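Treat the numbers as computed from the prediction; the structure is a model and nothing was measured. So that the names make sense, note that chain A is the first sequence line, chain B the second, and so on, each numbered from 1.
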Protein chains: 2
Amino acid sequence: MLTIGKLAEAAGVKVPTIRYYEQIGLLPPPERSAGNQRLYGNRAEERLAFIRHARDLGFPLEAIRDLLSLSDRPDQSCEAADAIARAQLSAVRARIGRLRALEAELERMIGQCAHGTIADCRVIEVLGDHAHCAHEHRKEP
Amino acid sequence: MLTIGKLAEAAGVKVPTIRYYEQIGLLPPPERSAGNQRLYGNRAEERLAFIRHARDLGFPLEAIRDLLSLSDRPDQSCEAADAIARAQLSAVRARIGRLRALEAELERMIGQCAHGTIADCRVIEVLGDHAHCAHEHRKEP
DNA sequence: CTAATGTCTCTAGCAACTATAGGTTCAAGG
DNA sequence: CCTTGAACCTATAGTTGCTAGAGACATTAG
Ligand SMILES: [Zn+2]
Ligand SMILES: [Zn+2]
Ligand SMILES: [Zn+2]
Ligand SMILES: [Zn+2]
């Protein structure tokens, strides 16, 4: 049985994060000690590791909630789980695409600046020029 | 002179966003009509376009605040402005690097799944395996 | 003149935590 | 056995960058 601090350390998350996950129902309320402190067993540790890894991969908590409830029904087809993962993959790819456009524009504007005064700064100029860019850059959520 | 709605339309932002920018001091309080409605001139339109473009490039509002106050002093060296832009570029690159690692892992786990039952699902398995990955994937802010 | 928008202020909500305050419990050293 | 300090408890508020709603006033088209 682990205290919340030990569990946090083991899983690589902060203590308040665990309490937060409990509050929103991602982790079940654990046992308590005589003095009302949380005590976690193996199940909780695995569940938290699952959550953490999914978070590391960028899954939103709602998707993780769905994945967890799927993983509680091992006999069903994994199609729904795979669909969640594919959705996450395409979200990641969309973000990469957008960021690469930003990278290109930032590179260009930094590269073109002659590093003189603000009045001649290419960075300030490009930012202020509201018609300069043919590309659409929006909208990173 | 533009009303807030027209300005919003012209700049491609929502009306409450403009009020929000005013509230946090990114846009100065504009003139008001007899009936207390906001009226904006060219200066405000340009400033908002600047903000929007910088936001589109992913600059945080604090950085934009600094860029705006720099752009009000055209005689100074643009070094500070360029440094902000370089910081943003490296933040973007860091995000891209991390996302590409996520992309690779998501691809691998989706590709390896035989699409049977949850019990055999590679997606669920990889997420639950807290020691599977040699790579570090953390921490996208 | 009236009806339909548009605008005003203020408050609350989103994700996913993080930080603080003020109090309780636990483990170890003396 | 007792004290001290760390770790724990709850509850609330703050973070970022907006967005949505309520209820009241202003403007404009027909
Ligand atoms: Zn410059
Ligand atoms: Zn651009
Ligand atoms: Zn599968
Ligand atoms: Zn991994």
ask   = Over how many whole Å does the gap from B:E22 atom CD to C:dT9 atom C1' extend?
value = 12 Å
task = Please report, rounded to the nearest Å, how far the C1' atom of D:dG14 is from the CD1 atom of B:I24.
result = 15 Å
Residue mapping more 5' on DNA chain C - nearest nucleotide basis, A:F59 or B:L39 = B:L39
inquiry  = What is the separation between atom OH on A:Y20 and atom P on D:dT12, rounded to the nearest whole Å?
reply    = 17 Å
inquiry  = Determine whether a donor-acceptor pair (N or O, by modelled atom type, separation under 3.5 Å) exists between the side chain of B:R55 and the backbone of B:I64.
reply    = no
inquiry  = With a 3.5 Å distance limit and no angle check, can you tell me whether A:Q88 reaches the backbone of A:G58 through a side-chain donor-acceptor pair?
reply    = yes
note = A:I4 atom CD1 is separated from C:dC26 atom P, nearest whole Å, by 15 Å
With the criterion being N/O to N/O and under 3.5 Å, what pairs connect the protein with nucleotides 23-27 of chain D, and how long is each?
unit_1	atom_1	unit_2	atom_2	d
D:dA26	O4'	B:Q37	NE2	3.4
D:dT27	OP1	B:S33	OG	3.4
D:dT27	OP1	B:G35	N	3.4

ask   = Hey, is the main chain of A:R108 close enough, under 3.5 Å, to the side chain of A:R122 for a donor-acceptor pair?
value = no
query = Among the nucleotides D:dG17, C:dC17, D:dT10, which one has an atom lying closest to any side-chain atom of A:Y21?
reply = C:dC17
request  = Quickly work out the A:R32 CZ to C:dT25 P distance and round it to whole Å.
outcome  = 12 Å
ask   = Is it true that B:R19 and B:E22 make a salt bridge, defined as a side-chain N closer than 4.0 Å to a carboxylate O?
value = no
task = Determine whether A:I118 and A:I110 fall in the same hydrophobic cluster, where Ile, Leu, Val, Met, Phe, Trp and Tyr are linked whenever their side-chain heavy atoms lie under 4.5 Å apart.
result = yes
query = So, the side chain of B:R52 versus the backbone of B:A11: is there a donor-acceptor pair under 3.5 Å, distance only?
reply = yes
remark   = Per atom distances to the B:T3 side chain, the nearest of C:dT7, C:dT18, C:dA16 is C:dT7
key: B:V15, nearest nucleotide to its side chain (from D:dG17, C:dT7, D:dT10)   = C:dT7
request  = Write down the atom of B:D129, the atom of A:H53, and the distance for their closest heavy-atom approach.
outcome  = O-ND1, 4.2 Å
Nearest-angstrom distance from the residue atom CZ of B:R55 to C1' of D:dG17 = 6 Å
ask   = Could you give the CD-to-P distance, from B:Q23 to C:dA12, as a whole number of Å?
value = 14 Å
ask   = Do the side-chain N or O atoms of A:T17 get closer than 4.0 angstrom to the phosphate oxygens (OP1, OP2) of C:dT18?
value = yes
inquiry  = Within the 4.0 Å heavy-atom criterion, would you say B:R19 contacts the bases, only the backbone, or no part of the nucleic acid?
reply    = base
remark   = Side-chain contact check for B:R38: nearest option of C:dT9, D:dT10, C:dA16 is C:dT9
task = Round to a whole Å and report the spacing from CD of B:E9 to P of C:dG6.
result = 10 Å
